[in-house]
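Written out below as structure tokens is the structure these notes cover.
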Amino acid sequence: MPANAETNGHDKFMDSELRRGERRRRPSPGRPEEYLRALPALILLDRLPIPMLATGLDGLVVYTNPAFATMLGHHPDTVMLTGQQLPALLAGHATTPPRDCVTALRAASNVIVDWLHVEGFPVRSVISETLFFRASDQVLLFGVTDITELIWTTPPAPR
């Protein structure tokens with residue numbers, strides 16, 4: 001292809017596929033620790049059974065793993081929650097500015113957070129502290145624990 005020719009998205013995709021294939025041809029790591037170090041972070045996050053959500057500081061969802069999509073009633077292979085604004089996912093926050101949702105999530109570690117299930121009911125959860133801590137981090141990554149069933153099955157404490 002001439003140096004001045006434009007490439008379309010398919011050409012870029014094929015180029016990235018070739019690079020990805022080259023990585024796969026590397027020799028297998030000898031020790032389990034080396035194997036873990038070689039895995040890309042997104043592959044590890046996708047494999048976690050714990051719902052995970054990453055959002056930019058602007059309130060735009062930049063990543064959800066399949067467990068998060070499943071928690072909200074979506075099929076993990078067909079629904080893309082990435083690109084949605086946080087107010088669309090948080091129950092009762094449809095009119096809340098996305099940046100205010102980010103602020104609320106940052107302050108909500110170990111506080112109940114309600115997410116909006118695809119069928120319209122709230123999914124009660126507790127979120128972890130963000131896994132990125134530096135002031136310069138542009139992404140917040142949270143682990144989410146669905147406590148809905150726990151709330152339904154736990155009898156109230158005696159008074």
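The first residue in the sequence is number 1, and the count goes up from there. Basis for what follows: all heavy atoms, side chains included, without hydrogens, waters or symmetry-related copies.
Put simply, the side chain of His74 never gets that close to the backbone of Pro76: no donor and acceptor are under 3.5 Å apart.
Of all heavy-atom pairs spanning Val62 and Gly56, the tightest one is CG1-N, 4.1 Å. Here the closest non-hydrogen pair linking Leu72 and Val123 is CD2-CG2, 4.2 Å. Ser128 and Leu131 make their closest contact through OG-CD2, 4.5 Å (heavy atoms, listed as atom of the first residue, atom of the second, distance). Across all non-hydrogen atoms, the minimal contact from Ala108 to Val113 is CB-CG2, 3.8 Å.
Sorted by first and then second residue, the side chain to side chain donor-acceptor pair (under 3.5 Å) pairs with a member in residues 53-67 read Asp46-Tyr63; sequence neighbours excluded. Sorted by first then second residue, the salt bridge (charged side-chain N to carboxylate O under 4.0 Å, His left out) pairs that include residues 102-118, not counting sequence neighbours, are Asp114-Arg124.
Note that CE of Met71 and OG of Ser125 are 5.5 Å apart. Values are rounded to the nearest 0.5 Å. For the atom pair CG (Leu89) and CG (Leu53), the distance works out to 7.5 Å, reported to the nearest 0.5 Å. Once rounded to the nearest 0.5 Å, the distance linking CG of Leu60 with CD of Gln84 reads 9.5 Å. From Leu44, atom CG reaches atom CE of Met52 across 11.0 Å, with rounding to the nearest 0.5 Å.
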Counting only pairs under 3.5 Å, give me each side-chain donor-acceptor contact of residues 139-146, with atom names and distances, residues two or more places apart or in other chains.
unit_1	atom_1	unit_2	atom_2	d
Asp146	OD1	Thr148	N	2.9
Asp146	OD1	Thr148	OG1	2.8

If you look only at distance, which donor and acceptor atoms sit under 3.5 Å apart when one is on a side chain in residues 91-99 and the other is two or more places apart or in another chain?
unit_1	atom_1	unit_2	atom_2	d
His93	ND1	Thr96	OG1	3.2

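Applying the salt bridge (charged side-chain N to carboxylate O under 4.0 Å, His left out) rule to Glu119 yields no partners; only residues at least two apart in sequence or on another chain are considered. Checked against salt bridge (charged side-chain N to carboxylate O under 4.0 Å, His left out), Asp100 has no partners two or more places apart in sequence or in another chain.
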- request: For the pair Leu116 and Leu90, evaluate side chain to side chain contact (heavy atoms under 4.5 Å, CB included) and give the outcome as yes or no after the intermediate values.
  value: CA-CA 5 Å; Leu116 190 58; Leu90 290 166; over 6 Å; no
query: What do the steps show when you test Ile127 against Trp115 for side chain to side chain contact (heavy atoms under 4.5 Å, CB included), and what is the final call?
result: CA-CA 11 Å; Ile127 63 171; Trp115 300 94; 4.2 Å; yes
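Side-chain contact between Ile112 and Ile147 is present, with at least one heavy-atom pair separated by less than 4.5 Å.
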